[in-house]
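The chains referred to below are lettered A, B, ... by the order of the sequence lines, with proteins before strands, and numbering in each begins at 1. What you see is a predicted model; the values in this text were computed from it and never measured.
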Amino acid sequence: MSTHEHAAASAISLKGVSKSYGSSEVIRDLSLDFAAGAFTVVLGPSGCGKSTLLRMIAGLESLGSGSVSIGGTPVEKLPPKDRGVAMVFQNYALYPHMTVLQNIGYGLKLKGVPRPERETMVRETAASLGLADLLARKPAELSGGQRQRVAIGRAIVRKPRVLLFDEPLSNLDAQLRTDMRLEISRLHRAIGATSVFVTHDQVEAMTLADRIVVMNQGRIEQSGTPEEIYHNPQTTFVAKFIGSPPMNLLEANVSNGVVCLGEASLLEAPCPNGSITLGVQPTALRLGSGSHTGAVSGIERLGREVVYHLETEHGRISAVAPEAKAGWNPGDAIRFDINTESLALFDPSGQRIAFPPT
Amino acid sequence: MARDGQFQGRWWPILLSLPQLLLIFLFFYWPVVIGLKWSFFLERPFGGSAEFVGLANFQRLFQDTEFYAAAGRSLVFMLTASAATVLFSFVLAVAADRKLRLSGFARNVLFWPQALAGASAGVVLSYLFNPATGVFSWLNTLSPGLWNPVLDGFDANILLNIAYMWGRIPIDFAILLAGLQAIPESYHQAAAVDGAGPWRRLLDLQLPLLTPQIFLCIVIEFNESFNQAFKLIESMTHGGPGNSTNQLVYKIFVDGFRGYDLSGSSTQSLILMLLFIFIVVAQFALLERRVNYAR
Amino acid sequence: MRTMFAAAAAFAGTLALGAPAQAATNFDFWYAAGQRAVEAQCNDFNASQSQYHVNCVYQDSYESLFQKAIAAYRANRQPALVQFFDGGTLDLLLSNAVIPVTKIAADAGQKVDWNDYISGAKSYYATRSGELYGQPYNSSTLVFYTNDDMLKKAGITKAPETWEEVGEAAKKLKASGVACALTSDLHPWRVMEEFSAAEGIPIASEHNGYDGLDAKYVFNKGLEVQLITDLADWHKQGMFTLSRETKAGDYRNAFNSQECAMILNSTGGYTDTALALKGKAAFSVHLLPIFAGTKRYNTFVGGAALYAMKGFDAKTYKAVAAFLAFLRSPEQQMQMVINTGYLPVTKSGVKLMENGGLANYPERKKAAELGVESLNFPGNADTRGIRLGFFVQFREVFRAEITKVFSGESTPQQALDAAAARGDEMLKRFAATYAGAKMP
Ligand SMILES: Nc1ncnc2c1ncn2[C@@H]1O[C@H](COP(=O)(O)OP(=O)(O)OP(=O)(O)O)[C@@H](O)[C@H]1O
Ligand SMILES: [Mg+2]
């Protein structure tokens with residue numbers, strides 16, 4: 001593969017992949033396709049196996065069973081360097097004894113790219129990341145954000161077919177994180193590699209992804225576009241994970257096809273009698289009037305919006321209201337209503353109940 | 001207002017370190033002062049009138065070929081024994097770090113020699129390497145006299161080096177292995193993704209990141225090879241055969257304590273001390289510049 | 001500081017002693033050879049009377065004893081009596097740190113016939129005027145040991161008496177399949193000092209230093225060259241093995257385990273050998289070989305003598321004198337011979353040995369008689385002893401240079417010349433160190 005032109009992005013395909021450490025199964029029979037050139041975010045809580053998945057794609061971890069192919073070629077037997085992948089590590093993993101120039105250029109050097117050419121490529125990459133003035137520094141002399149850029153530079157300088165990011169932003173402050181999100185987005189478009197980005201931060205997932213894969217305990221919980229995931233979480237796990245604040249999950253009852261929250265009947269649904277979980281988006285609550293009451297236990301002012309945390313007889317509920325409507329204080333009792341149009345229903349095992357039926 | 005619970009004035013620290021200072025003075029500086037004096041006198045073993053001779057002791061020494069030879073042997077031993085020890089320890093540490101099957105076993109076995117004091121190791125090893133019955137005796141069946149540390153000065157020096165390494169490898173191995181294990185796994189992974197195989201990672205990653213430990217080992221070994229040479233020579237070769245292992249430390253001992261030549265011995269000690277100070281300073285000046293402390 | 005130590009020592013002393021009711025005069029005696037035998041003599045002395053009490057303190061070796069004695073003397077904490085070995089004689093004579101035993105005895109009112117000492121033993125430790133400085137104590141001399149079974153198997157019926165015969169015997173032994181015919185550690189006491197004495201030739205000028213500090217080594221000009229040349233030739237031909245080349249790693253052990261057929265060893269080693277070879281092989285001891293056609297002289301006495309150190313009061317020296325007298329008695333000498341294999345050193349001691357003193361120890365008697373015979377050969381001015389400065393250090397130099405002959409680095413003449421040259425340097429320095437000192 002030439003290092004000059006843009007490398008073609010390659011699709012990644014995982015089939016029936018499992019991995020165990022000793023007796024604990026970390027990845028369980030996982031099959032997943034990453035479309036060529038797409039930006040896929042793998043989202044899941046800490047310890048769910050995201051890094052393991054990424055390392056298996058990179059070739060840093062052996063497969064327990066199953067197969068991995070990149071660009072249609074099986075790669076299980078190939079060492080990392082022959083897979084055409086690059087990776088940005090959670091803790092940057094910059095070589096502490098090398099300068100920024102050497103760090104970024106190391107992979108090229110190993111590939112045998114002649115020095116003048118190498119330096120040009122490194123300088124171009126560094127310039128695109130705003131590192132042009134820092135090339136002579138060592139990692140210890142850089143700020144966290146600068147280190148992150150170097151790590152990214154090291155990954156993209158080789159124009160890889162596949163770019164893997166392992167929580168690259170988790171060590172940065174909020175402002176930097178926002179900046180870097182945009183930057184990574186831009187770089188992805190510029191490079192056109194197939195990108196897999198691992199994170200436990202749903203905001204990153206929502207803002208970056210073409211497609212989100214939600215993982216839970218080594219399995220795929222749901223995959224889809226950010227909108228699909230946000231509006232139509234297929235399980236309570238996903239529902240709890242997405243959105244800030246996430247969807248409210250309330251215990252409700254069904255009797256004779258009517259869903260009741262406490263005494264109040266909300267809507268009709270073709271469900272068997274018994275308990276059910278009701279998913280209510282925080283934006284689907286109308287505050288100020290209605291048939292339900294709650295006491296304000298906490299207020300988060302986010303600028304244009306305000307989040308109210310309410311203690312109700314059905315549990316704790318988060319509601320988002322436009323700033324104009326704000327005016328309550330902690331301890332105030334509020335009446336509210338639920339907009340039944342965007343409700344989600346989950347059966348006791350946490351699976352979404354298709355409603356309204358399509 | 002006096003602050004309660006805090007030591008007053010600047011005398012406290014001095015007072016508290018006084019016992020330590022006193023010991024150092026008594027057992028280090030005072031002997032040095034006496035040695036210095038003796039270097040300019042002809043001192044009789046049992047005391048009595050000593051004659052001031054100016055620089056005569058030094059003059060005599062600088063004309064003595066055996067003195068230069070002994071100093072040379074000390075330096076050569078210091079270099080070969082230190083280099084070989086650090087090199088072997090490094091190889092073993094890398095092997096253990098690579099999780100060779102040997103490693104768990106190696107980590108234990110390699111530490112055993114450390115439990116054996118230098119002198120007793122010397123005795124054990126002289127038997128182990130006896131030309132007639134030792135482990136190298138098969139060399140003599142190939143060609144008679146191929147291995148004879150009793151007669152051959154070169155073999156005797158090899159024996160000394162082996163004996164030294166035998167006792168020292170465990171320490172260096174432990175230091176270097178700890179250093180290797182402290183290199184985060186993610187560096188290896190990053191390098192692997194960058195296209196570096198195990199050998200390249202050894203050269204480009206492990207070796208440079210291990211320089212502080214290697215430097216430490218070299219400093220320790222320079223020191224120790226100077227110190228331990230005496231024990232080993234005394235228990236194994238007694239400076240022989242034919243003076244081939246008569247290093248300066250040993251010569252000083254023999255001249256002073258066996259030959260009762262206190263002035264000659266002191267003069268040599270003084271020169272040895274200056275030599276050693278020079279080596280340590282040079283060591284730090286040369287090596288430290290090349291050490292990576294950042295991680 | 002010193003007073004503090006002294007106080008502590010005195011306090012510890014009171015605790016330790018306690019027992020002797022009336023204050024006996026106490027003194028320390030440091031020694032380094034014959035631990036069990038000396039301990040027995042100390043106990044016997046302390047039990048034999050109640051006026052004096054000797055604390056006998058064992059030190060690991062002559063070398064370390066000498067080191068400690070020097071340090072102790074410089075710190076004014078020396079023992080009243082020490083055992084010093086032959087090589088350090090001149091160092092002591094010039095040290096100004098010891099009192100002659102003759103004076104100790106005279107001051108204590110003892111009448112001693114010092115001429116009772118056999119001349120070979122006396123001359124080594126006496127001043128030029130013949131006054132004993134140290135009292136000869138554990139004494140031995142060098143003799144020649146043969147394994148007679150191995151010799152017989154090789155067709156040798158008579159033990160070699162000359163070096164020429166030693167060479168022939170070694171050849172025959174080798175032919176009979178003996179891997180190690182003759183072995184030695186090349187210590188100068190064995191291959192140079194005693195050899196020179198037996199041949200009656202000087203080691204150094206000024207009669208081995210007896211006549212002045214300006215002596216020079218001369219051993220490199222005579223028969224010694226022949227001896228080393230022979231040994232080197234034999235080594236090449238596989239007829240002579242260095243001590244450390246043997247399987248046993250030591251010439252005595254090599255002989256005692258029948259690895260080697262012939263060695264030069266002190267009479268003091270007789271007991272060990274007899275025990276080791278008992279019921280396994282016949283062996284015998286002989287006078288040191290000399291070259292054919294030369295006249296035999298007395299050999300030097302080896303071992304150690306007892307010296308009284310300066311710095312004590314008359315009462316203490318009286319106690320020391322009593323202990324020395326006790327050790328001089330023929331009976332105590334006989335105890336020493338029985339317990340160690342050393343030689344009796346006085347004529348009356350020899351007489352007691354001949355008259356039944358060793359009746360129960362016929363083997364020890366054989367060795368002791370041979371040793372006394374060797375010491376009693378007529379001597380000359382060069383067989384009195386050795387009075388050379390830094391001689392202990394010189395022994396190391398000699399050994400190092402001679403070893404080079406056997407590794408092929410030097411010829412015998414080169415090696416001996418080098419040893420002599422370095423030795424002369426040391427003598428010069430010694431003379432400078434003791435400039436103005438009078439040789440007693
Ligand atoms: N080398 C290993 N040996 C044993 N267990 C391991 C190893 N590596 C990871 N695990 C375990 O596998 C599970 C998944 O680890 P992984 O690193 O993939 O999690 P993650 O999803 O990346 O978590 P995080 O967000 O905290 O980085 C965890 O329970 C972890 O403890
Ligand atoms: Mg992770």
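Expressed to the nearest 0.5 Å, how far NE2 of His97(A) lies from CG of Leu210(B) amounts to 11.5 Å. How far CZ of Phe89(A) is from CD of Glu185(B): 9.5 Å, rounded to the nearest 0.5 Å.
Annotation: Phe276(B), atom CZ; neighbour count of heavy atoms from other residues, nucleotides and ligands within 6.0 Å is above 12. By the neighbour-count criterion of 12 heavy atoms within 6.0 Å, atom NZ of Lys19(A) is densely surrounded, having more than that number from other residues, nucleotides or ligands. Shown here is Phe278(B), whose CZ atom has no more than 12 heavy atoms of other residues, nucleotides or ligands within 6.0 Å. Other residues, nucleotides and ligands contribute only 12 or fewer heavy atoms inside 6.0 Å of the CZ atom of Phe154(B).
Side-chain atoms of Val193(B) and Leu164(A), non-hydrogen and from C-beta on, never get closer than 4.5 Å to each other. A 4.5 Å side-chain heavy-atom check between Asp194(B) and Tyr95(A) finds at least one atom pair inside the cut-off.
In this structure, Pro80(A) and Ala192(B) approach most closely via the heavy-atom pair CB-O, 3.6 Å. Nearest heavy atoms, Asp204(B) versus Met98(A): O-CE, 4.0 Å. Nearest heavy-atom pair, Tyr106(A) versus Ala196(B), reported as atom, atom and distance to 0.1 Å: OH-CB, 3.7 Å. Taking all atoms of both residues into account, the shortest heavy-atom contact from Leu110(A) to Gly195(B) is CD1-C, 3.5 Å. Across Ala190(B) and Arg154(A), no two heavy atoms sit closer than the pair CB-NH2, 3.6 Å.
In terms of non-hydrogen atom pairs under 4.5 Å with chain B, the most contact-rich of Val88(A), Asn91(A), Asp82(A) is Asn91(A).
At a 4.5 Å heavy-atom cutoff, the contact between Arg55(A) and chain B is made by side-chain atoms alone. Interface remark: Leu94(A) contributes backbone atoms only to the contact with chain B (heavy atom separation under 4.5 Å).
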